[in-house]
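Working notes, beginning with the structure itself.
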Amino acid sequence: SSCALAYDLQESANIPSLRLNRQGEGYALLLGASGARHNELTALQYKDLIITSDSIILFIRPSRYRRLKTSAGRRLVDISKKLTVEQRELISIWIKEKKARLGNKWKPTLPIFGDLNDPKIRAPSNDLREVTLSAMETSVGCRTKIHRARHKVVCEDLLSILLSKQDWH
């Protein structure tokens, strides 16, 4: 339930390894739903994540934490339909918990995946990559490359464009 999840998040707020695991969970959900590049996700700022009661939208754009690979990389990504209600709620609660933990240090320009000891610094990409790969290995049974998740999402999106509803019958 939401209350139990919120309690778990509060309990883990002061334990660095649990906080890193929570970041990894949030990262994995955003990665699996958005197909964004690894560095695009790890450098997201709070202002780049728009959360409402029924939607989550990522704003991929350059910032002080990253440059875009190409000019076409600047985009809005609506991941609402790719996440379950529970997953959207998990992300929403996780972000609220992070803002509450930061207190008056919170700013919309801080990275969502901030360093555990200094929220102004982007978390090391390798840490998030390792936590996510470990989680994937536990749930799927094998390690893979983070970039493969990007291709999976892009292929699913293209199939929905190339194939009509009649093709699915």
Task: Distance-minimising heavy-atom pair for A43 and S63 - done: O-OG, 4.1 Å

Open item on the list: Can you confirm whether E25 sits close enough to W94 that some side-chain heavy atom of one is under 4.5 Å from a side-chain heavy atom of the other?
Closed with: no

TODO: Nearest 0.5 Å please: distance from the CZ atom of R88 over to the NZ atom of K81.
DONE: 10.5 Å

- [ ] Determine, using the 4.5 Å side-chain heavy-atom cutoff (strictly less than), whether L44 and I51 are members of one ILVMFWY cluster.
- [x] yes

Task: Side-chain heavy-atom pair R122, N39 within 4.5 angstrom cut-off - done: yes

- [ ] Let me see the working for Y27 and H38 under side chain to side chain contact (heavy atoms under 4.5 Å, CB included), right down to the final yes or no.
- [x] CA-CA 9 Å; Y27 172 83; H38 175 66; 2.4 Å; yes

Task: Q45 side chain to K107 backbone, donor-acceptor under 3.5 Å - done: no

Open item on the list: For the CG atom of L76 and the CG atom of D48, what is their distance to the nearest 0.5 Å?
Closed with: 10.0 Å

TODO: Determine yes or no for a side-chain-to-main-chain donor-acceptor pair under 3.5 angstrom, with R74 supplying the side chain and P62 the backbone.
DONE: no

Open item on the list: So, using side chain to side chain donor-acceptor pair (under 3.5 Å) as the criterion, who are the partners of T52 when residues are at least two apart?
Closed with: D54, S55

Task: Minimum heavy-atom distance I112-Q23, with the two atoms named - done: O-NE2, 4.0 Å

- [ ] Report yes or no: do Y46 and I91 belong to one cluster of Ile/Leu/Val/Met/Phe/Trp/Tyr joined by side chain heavy-atom distances under 4.5 Å?
- [x] yes

- [ ] Indicate yes or no: at least one non-hydrogen side-chain atom of K120 is less than 4.5 angstrom from one of L110.
- [x] yes

Open item on the list: For a 4.5 angstrom cut-off between non-hydrogen side-chain atoms, does L49 reach L58?
Closed with: yes

- [ ] Mind listing the closest non-hydrogen atom pair of L30 and F113 along with its distance?
- [x] CD1-CZ, 4.0 Å

Open item on the list: Side-chain heavy atoms nearer than 4.5 Å, only ILVMFWY residues, links allowed to pass through others: does that put V77 and L31 together?
Closed with: yes

Task: Under 3.5 Å: donor-acceptor pair, side chain of R101, backbone of K99 - done: no

Open item on the list: Just verifying a value: how many Å separate I56 CD1 and I95 CD1, rounded to the nearest 0.5 Å?
Closed with: 8.5 Å

